[in-house]
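The structure presented is a predicted model; accordingly, all values stated were derived computationally and were not measured. By convention in this document, chain letters (A, B, ...) are assigned in the order of the sequence lines, proteins followed by strands, and residues within each chain are numbered from 1.
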2 protein chains.
Amino acid sequence: MTDRDTQQHGGRALPEATLERLTVYLRALEAAQLAGQRTVSSETLASAAGANPAILRKDLSLLGGSFGRRGVGYDVPGLADHIGATLGLKRQWRMAIIGAGNLGRALAGFSGFRGHGFELKAILDQSPTEVGRSVAGLRVSPASELESIVAAESVNMAVIAVPGAVAQGVCDQLVAAGIRSILNFAPVVLQAPAEVNIRQVDMSRELQILAYYAHQGVGHQDAVPPLQSE
Amino acid sequence: MTDRDTQQHGGRALPEATLERLTVYLRALEAAQLAGQRTVSSETLASAAGANPAILRKDLSLLGGSFGRRGVGYDVPGLADHIGATLGLKRQWRMAIIGAGNLGRALAGFSGFRGHGFELKAILDQSPTEVGRSVAGLRVSPASELESIVAAESVNMAVIAVPGAVAQGVCDQLVAAGIRSILNFAPVVLQAPAEVNIRQVDMSRELQILAYYAHQGVGHQDAVPPLQSE
DNA sequence: AATTGTGAATTCTTTCACAGCA
DNA sequence: TGCTGTGAAAGAATTCACAATT
């Protein structure tokens, strides 16, 4: 554990499954903090996060530092801080949302990303009827100004909230403007150079997976670990 | 351990990673069909879906029937049909959206789920100012009528698009009304009995994972397989 | 006594590589 | 020839189980 080059900055990338769980632990820790808890056990935290204690401990062990105390549990603010630092939430992320329809406006109003270094700097739309409207305290800018706004506002993360038919075009423009982190809500697989990180949020995918489980009669519940017997 | 699953078509439950990819293959097949292609090779299809050919073939082999022809490729409509049948998209899924804010309205207007057996039957909201409005051709119903609407419309799938603070309450009501498939857009981990399937869509999670990769300078691209040098 | 941290065992997933078929 | 389908191999992720620590 004194071995610093194993994990930490510049160390190895964490498995994606671990990353997804870390975001959930972080949320559960924030809820625990609001509830006034100073420490949590892996069992409590895992249960709030819908995970199991063993994998939680394994995940945290990949983070490096040791934020638990044996016999006691994890220090709530300390661990939250450590996870936040690992995820890069101490930096400033300057976002733009492309598309000011219902979805873009909903995302703009979503408060969940504030307070973790995410700041919404611009919202853009192609349609003249949307341009100029006020959304979440910002004026909607014309899509044609994408490149200059990205530069002027130092935008380094973008959210695509446009119809599928134009999403790839928007993606290309974003890449050309230097953006390398994109969250895509349009129902298309975007093609982009390998250095661009794209995450996809896809309602159809989720509905189809739900349909599969319901169709098969499989009870698949992420949130509740199987009980140990014996 | 008991092997509790002997499903139809000689199928046990498919791995979740496979399910997620199947939905992408399906979309790519539909695009190919629109483009007039009759057959696709695993290489072409994988490239359109951002996967690699080997895992695509393995995924399809888990489905049972054989929809490829050696030396030729896959029959586009045949394979699309087979994947659709596997996912349960031949059945009728009757949906309700809870929450008629920007997000609920955006989801209601999202055409992507139509034509795959998904039919939006109701949209509900707590607030009297939303009730009665017309959204996607439906009138917004009061949230208090949830149980009776679910029964009257035989709703069997629900989408939660309400603020985090009330999401667990809505979830409890849905479960009480007999819903066992829930897609949750609220940023909370829902607690529900194991027989209820819940999928979570979470903007914070995705942004935080993007932040991690950008922070670490890791290029992680799901959508594009490493290019072969040619 | 309680709970973490982690090697070892297990299970799951992906990739390889090639036989089999059109 | 070209491409699928699939066992076998390799690689990851998860779970177990217990020594270490407060």
Is there a side-chain contact between [X] and the phosphate of [N], meaning an N or O under 4.0 Å from OP1 or OP2?
X: Arg21(A); N: dT14(D); value: yes
X: Tyr74(A); N: dG5(C); value: yes
X: Ser42(B); N: dT4(D); value: yes

Residue pair Gly71(A)/Gly73(B) against DNA chain D: nearer the 5' end by closest nucleotide is Gly73(B)

With nearest nucleotides of DNA chain D determined for Lys58(A) and Arg69(A) from heavy-atom distances, which residue corresponds to the more 5′ nucleotide?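 Its nucleotide being nearer the 5' end, the pick is Lys58(A).
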
Ala54(B) or Ser41(A): which one's nearest nucleotide on DNA chain C is closer to the 5' end?
->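 So the residue in question is Ser41(A).
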
Using atom [atom1] of [X] as one end and atom [atom2] of [N] as the other, report the distance to the nearest whole Å.
X: Glu43(A); N: dA2(C); atom1: CD; atom2: C1'; value: 11 Å
X: Leu79(A); N: dG5(C); atom1: CG; atom2: C1'; value: 14 Å
X: Arg57(A); N: dT15(D); atom1: CZ; atom2: C1'; value: 10 Å
X: Arg70(B); N: dC3(D); atom1: CZ; atom2: P; value: 14 Å
X: Leu60(B); N: dT6(D); atom1: CG; atom2: C1'; value: 13 Å

> Heavy atoms under 4.0 Å, any strand shown: does Ser66(B) hit a base, just sugar-phosphate, or nothing?
Replying inline: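 Sugar-phosphate contact only.
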
Glu20(A)/Arg199(A) salt bridge by N-O under 4.0 Å criterion | yes

